[in-house]
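Reminder, nothing fancy here: chain letters follow the sequence lines and each chain counts from 1.
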Amino acid sequence: GAGVSQSPSNKVTEKGKDVELRCDPISGHTALYWYRQRLGQGLEFLIYFQGNSAPDKSGLPSDRFSAERTGESVSTLTIQRTQQEDSAVYLCASSLWTSGSRPTGELFFGEGSRLTVL
Amino acid sequence: GDSVTQMEGPVTLSEEAFLTINCTYTATGYPSLFWYVQYPGEGLQLLLKATKADDKGSNKGFEATYRKETTSFHLEKGSVQVSDSAVYFCALRRSDKLIFGTGTRLQVFP
């Protein structure tokens with residue numbers, strides 16, 4: 001597709017269950033980001049992948065959160081043993097690096113996955 | 001650490017009114033600054049950016065000037081339209097990440 005695609009768009013789960021959220025970035029974009037947006041708050045950085053480099057996991061809030069990326073394509077964000085405070089919209093974004101330079105700062109966002117933990 | 005502070009919304013205006021959405025930042029050095037917009041039912045998209053002090057970013061009638069003396073990047077538009085109704089996010093770049101403000105909802109009525 002032309003844009004960043006995320007699934008599911010909505011997920012309701014019970015406390016303690018595991019969830020997986022998927023992101024398909026724009027083809028050719030080497031950088032991929034996950035952000036979280038809780039109600040009434042700003043976007044909170046979670047994790048960043050760039051090519052084959054080790055991911056920047058500095059924003060993951062706890063060891064219940066993990067993410068993987070297959071090459072320069074699909075990424076999956078996994079939340080284990082979900083808690084009510086995990087309820088949020090999880091946003092994925094991708095960005096294009098050009099040779100010898102850093103991302104320009106233009107991130108292309110998906111519409112997000114809304115997670116509700118009961 | 002680095003942070004971005006935006007005015008709380010919602011901002012409610014009539015069509016053709018003048019818009020200002022305030023944004024200030026705290027950061028070491030002079031990071032690139034951005035405004036992103038999220039229209040209803042859509043993902044965030046870049047509206048404009050400025051990469052150094054005194055730069056002015058502009059797009060779709062919106063403008064913002066990078067003011068290092070006041071550490072601000074206020075968003076302005078001279079005459080808003082109903083179609084401008086959206087949530088606006090100010091952000092700064094630190095390393096390869098964007099740090100966002102909380103967002104400001106703009107509602108424009110005919």
Hydrophobic cluster membership, with links at side-chain heavy-atom distances under 4.5 Å among I/L/V/M/F/W/Y: are [X] and [Y] in one?
| X | Y | answer |
| --- | --- | --- |
| B:Phe100 | A:Leu91 | yes |
| B:Leu106 | A:Leu43 | no |
| B:Val80 | B:Tyr39 | yes |

Quiz item: What part of B:Glu42 is in contact with chain A, defined as an atom under 4.5 angstrom from a non-hydrogen atom: side chain, backbone, both or neither?
Solution: backbone

Quiz item: Distance-only, no hydrogens or angles: does the A:Tyr33 side chain make a donor-acceptor pair with backbone N or O of B:Leu98 under 3.5 Å?
Solution: no

For the atom pair [atom1] ([X]) and [atom2] ([Y]), what is the distance rounded to the nearest 0.5 Å?
| X | Y | atom1 | atom2 | value |
| --- | --- | --- | --- | --- |
| A:Glu44 | B:Thr102 | CD | OG1 | 13.5 Å |
| A:Glu111 | B:Gln38 | CD | CD | 9.0 Å |
| B:Leu46 | A:Phe109 | CG | CZ | 10.0 Å |

[X], [atom1]: over 12 other non-hydrogen atoms inside 6.0 angstrom:
| X | atom1 | value |
| --- | --- | --- |
| B:Glu8 | CD | no |
| B:Glu16 | CD | no |
| B:Arg105 | CZ | no |
| A:Leu39 | CG | no |

Are side-chain heavy atoms of [X] and [Y] found at a separation under 4.5 Å?
| X | Y | answer |
| --- | --- | --- |
| A:Asp56 | B:Lys97 | yes |
| A:Leu107 | B:Tyr36 | yes |
| A:Gln37 | B:Phe89 | yes |

Self-check item: Contacting region of A:Ser58 [heavy-atom separation from chain B under 4.5 Å]
Solution: side chain

Quiz prompt | Heavy-atom pairs under 4.5 Å with chain A, option from B:Val4, B:Ile99, B:Leu44 with the top count | solution = B:Leu44

